[in-house]
Amino acid sequence: MQVSSSSPPYLYSWSKFGREAEFIVVLYLKLKGWDIQLSKGSRGPADIIATRDFKKWLIQVKSSTLIPRLKGSEVKRLRKMAQRDRGHAVIATLQPIQTAMGMSMTEEQKTFGPYTKDTAILQFGNYVMSFYSLINWEVLRP
């Protein structure tokens, strides 16, 4: 395929971005001491199964340049799988920092930065990652 000089030097697919987001989540969890199992081809309700200290998280990773979308059927399938496997249904999001923090940032956060040691939002370059429980949408800390 020929790329014109006005086109970007590479083409990037959303499915590739989604899969790379899964690997970022996996690497982070591994650094935190979790044992990881990836689903094959991300076809099941959980992209990642993470275990540590008698905890089992079944994680669906959502990535987007906007607000990540979650379908009702995905929630239902993940909750059902978590109940069957005696685990905890979790959504992990990866998105640009501007999208995640944009309108909700205070002036102080814009000046000094939105991240403190107590926050559950993790910054990776220009992206942020968060984990949420599907039971009550509580923010989780791996």
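The first residue of the sequence shown is numbered 1, and numbering continues consecutively from there. Everything numeric here is computed off the predicted structure, so don't read it as measured data.
- Rounded to the nearest 0.5 Å, atoms NZ (Lys56) and CD (Gln37) are 8.0 Å apart.
- Between Pro45 and Gln60 the shortest heavy-atom distance is O-NE2, 2.6 Å.
- At a threshold of 4.5 Å between non-hydrogen side-chain atoms, the residues Lys62 and Glu74 count as touching.
- Residues Val61 and Phe23 fall within the same hydrophobic cluster, defined by Ile, Leu, Val, Met, Phe, Trp and Tyr side chains chained together at heavy-atom separations under 4.5 Å.
- Looking at heavy atoms from C-beta onward, Met81 lies in side-chain contact with Arg84 at the 4.5 angstrom threshold.
- Smallest separation of non-hydrogen atoms from Leu58 and Leu78: O-CD1, 3.7 Å.
- Within the model, atoms CG of Leu27 and CD of Glu20 stand 11.0 Å from one another, a figure rounded to the nearest 0.5 Å.
- A 4.5 Å side-chain heavy-atom check between Phe131 and Ile91 finds every atom pair outside the cut-off.
- Val139 and Trp137 fall within a single hydrophobic cluster, where Ile, Leu, Val, Met, Phe, Trp and Tyr are joined by side-chain heavy atoms under 4.5 Å apart, directly or via other members.
- Looking at Val75 and Leu134, their side chains come closer than 4.5 Å, going by heavy atoms from C-beta outward.
- Not one N or O on the side chain of Arg52 forms a donor-acceptor pair closer than 3.5 Å with the backbone of Leu29.
- Hydrophobic clustering (side-chain heavy atoms under 4.5 Å, transitive across Ile, Leu, Val, Met, Phe, Trp, Tyr) keeps Ile135 apart from Ile48.
- Residues Pro142 and Trp57 are in side-chain contact: their nearest non-hydrogen atoms beyond the backbone lie under 4.5 Å apart.
- The minimum heavy-atom distance between Ala82 and Ala89, with the atom names listed, is CB-N, 3.6 Å.
- Contact of the Ile59 side chain with the Ile49 side chain is not registered, since no non-hydrogen atoms from C-beta on lie closer than 4.5 Å.
- Here the side chains of Leu140 and His88 are in contact, with some heavy-atom distance below 4.5 Å.
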